[in-house]
Protein chains: 2
Amino acid sequence: MAATADDPGPSRAGTGTAQGDPAPRRRGRRPGGADTRAQLLAAARVEFAERGYDGATVRVIAERAGVDPAMVNHWFGGKESLFTAVLDLPVDPGAVLADVVPGDPERLAERIIGRLLEVWDATGGAPLAAVLQSVAAHDAAARMLREFVSRVLVAKVVSAVAPDQRELRAGLCGSQVLGLAVVRYVLKVEPLASADHATVIGAVAPNLQRYLTGPLP
Amino acid sequence: MAATADDPGPSRAGTGTAQGDPAPRRRGRRPGGADTRAQLLAAARVEFAERGYDGATVRVIAERAGVDPAMVNHWFGGKESLFTAVLDLPVDPGAVLADVVPGDPERLAERIIGRLLEVWDATGGAPLAAVLQSVAAHDAAARMLREFVSRVLVAKVVSAVAPDQRELRAGLCGSQVLGLAVVRYVLKVEPLASADHATVIGAVAPNLQRYLTGPLP
DNA sequence: GTCTATACAACGATAGAC
DNA sequence: GTCTATCGTTGTATAGAC
């Protein structure tokens, strides 16, 4: 866990700030053994837990891991996906949602539910239960997921279609989606747990659509 | 924490309203009360976990505890409330829902959400998180809650108003209610977490109402 | 030689200080 | 308003593994 910067020591002529001289790292591929990816993951776990999703910065995480911030992009594709990897989510919600948003806004809910059902049916309930468990157990996990859900959902989905009250709508959408996941995959309440996708979509999508674009008081 | 039958303790100061409750008048010899109650709880935990809500019987639970089956009624008010106590639920869902059902069926959802908000706001998110945690962690807990939710919800709420597909409707209602609980009290997503009751009711009740009495595909 | 992990620099966006 | 600091991200050159 201890993200020990590998501290190669010498060289690095004073480019710019002669102060501190924090991490003179060589360029190029590191000598074998240094697992940058794992170090980034470990550093990200600590930072996300301590400061939340928004509070943690890619730069600090990279510094803690002793590597360049660009490594986050290289290994994970960005802050969002790094977070997904930290929480060990089965899929990257941002990516999934992003490619489901384009299209008729009045049918967005159908596409969202349909896609989520595909993903969840493929991975089963285990990852969902794991996430739920850690969220219920650790306040830090709840905070991380809260900020992440708010940010990603609002930015990538709700803002694309919702006329107003975007944060509230995002929370409501989250409640319906999360509740469906719990009841179908963790609690396994029948007949909802075994219903085919068309049935679930027909039942849930209209309600989700109201949260997205319908009238709110 | 859990809503249990009134503790027929030594100094039960009578509130004026005489309840139809089978309030045990403490006459005669005082049993090793707390002991019986605890033994029943322990026995019920085992039985519910092993056989589920439906599979476990009051008779067997009482036998395992070494007491008369009537003690379940005495100490907990019935199988349902015993189960509630075992899960350490903040309230007895059966009781709460039962007294909210009478009235305009088309406004049932408003009454349900309103009442749940009162209860949850009073107890805070801790009990909810505890239930979620055990449900996510232990398959037995998930099974118990599943059967309980199906049975009680279908029997006491959905059957009272829903025209068809009662089990499916019950599952859908469960998903919305549970999701709301998670997002508002465990994840604490704003502004939903701090929204006043009227706002939440206005936002969620119409969706819940559709699950209860609206058209399903 | 190729391939890839790496560091550095710089860009557009955004939030806060002045 | 402008200025500044900082964020996440991208482009590119380079060093080491193969």
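Residue numbers start from 1 in every chain, and the chains themselves are labelled A, B, ... in the order their sequence lines are given, proteins ahead of strands.
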task = Could I get the full list of side-chain hydrogen bond (donor to acceptor under 3.5 Å, both in side chains) partners for A:Asp121, not counting sequence neighbours?
result =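 Only A:Arg184, A:Tyr185, A:His197 meet the side-chain hydrogen bond (donor to acceptor under 3.5 Å, both in side chains) criterion with A:Asp121.
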Rounded distance in Å - [atom1] ([X]) to [atom2] ([N]):
X       : N      : atom1 : atom2 : value
A:Trp75 : C:dA7  : CH2   : P     : 12 Å
A:Phe76 : C:dA5  : CZ    : P     : 12 Å
A:Ile61 : D:dT6  : CD1   : P     : 17 Å
A:Met71 : D:dG8  : CE    : P     : 16 Å
A:Asp68 : D:dA13 : CG    : P     : 16 Å
A:Glu80 : D:dC7  : CD    : P     : 18 Å
A:Asn73 : C:dA10 : CG    : C1'   : 14 Å
A:Glu47 : D:dG8  : CD    : P     : 11 Å

What pairs of donor and acceptor atoms, side-chain ones from residues 198-207 of chain A against any protein atom, are under 3.5 angstrom apart with sequence neighbours left out?
from: A:Thr199; atom 1: OG1; to: A:Asp196; atom 2: OD1; distance (Å): 2.8
from: A:Asn207; atom 1: OD1; to: B:Arg210; atom 2: NH1; distance (Å): 2.9
from: A:Asn207; atom 1: ND2; to: B:Asn207; atom 2: O; distance (Å): 3.0
from: A:Asn207; atom 1: ND2; to: B:Tyr211; atom 2: OH; distance (Å): 3.4

query = Which pair of non-hydrogen atoms, one from A:Asp68 and one from A:Ala70, has the smallest distance, and what is that distance?
reply = OD2-N, 2.8 Å
For the student: nearest non-hydrogen atoms of A:Asp54 and A:Lys79, plus distance = O-NZ, 3.8 Å
ask   = Just by modelled atom types, is the B:Leu208 backbone N or O under 3.5 Å from a matching donor or acceptor in the B:Gln176 side chain?
value = no
ask   = Side chains of A:Thr213 and A:Gln209: donor-acceptor distance under 3.5 Å anywhere?
value = yes
query = Going by the angle between their ring planes, with limits at 30° and 60°, are A:Tyr53 and A:Phe83 parallel, tilted or perpendicular?
reply =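 If you compare the ring of A:Tyr53 with that of A:Phe83, the planes turn out perpendicular.
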task = Name the closest nucleotide to the A:His74 side chain, picking from C:dA5, D:dT10, D:dG8.
result = C:dA5
inquiry  = B:Arg107: which residues meet the salt bridge (Lys or Arg N to Asp or Glu O under 4.0 Å) condition with it, sequence neighbours left out?
reply    = B:Glu110
task = State whether A:Thr36 places a side-chain N or O below 4.0 Å from either non-bridging phosphate oxygen (OP1 or OP2) of C:dT6.
result =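 Yes.
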Bend angle of the helix from C:dG1-D:dC18 to C:dC18-D:dG1, end axes from five pairs each (to 10°) = 10°
Please write out each protein N/O paired with an N/O of nucleotides 11-16 of chain C under 3.5 Å, distance rounded to 0.1 Å.
none

query = Considering residues at least two apart in sequence or located in another chain, which fulfil the side chain to side chain contact (heavy atoms under 4.5 Å, CB included) criterion with A:Val131?
reply = A:Leu89, A:Val135, A:Leu145
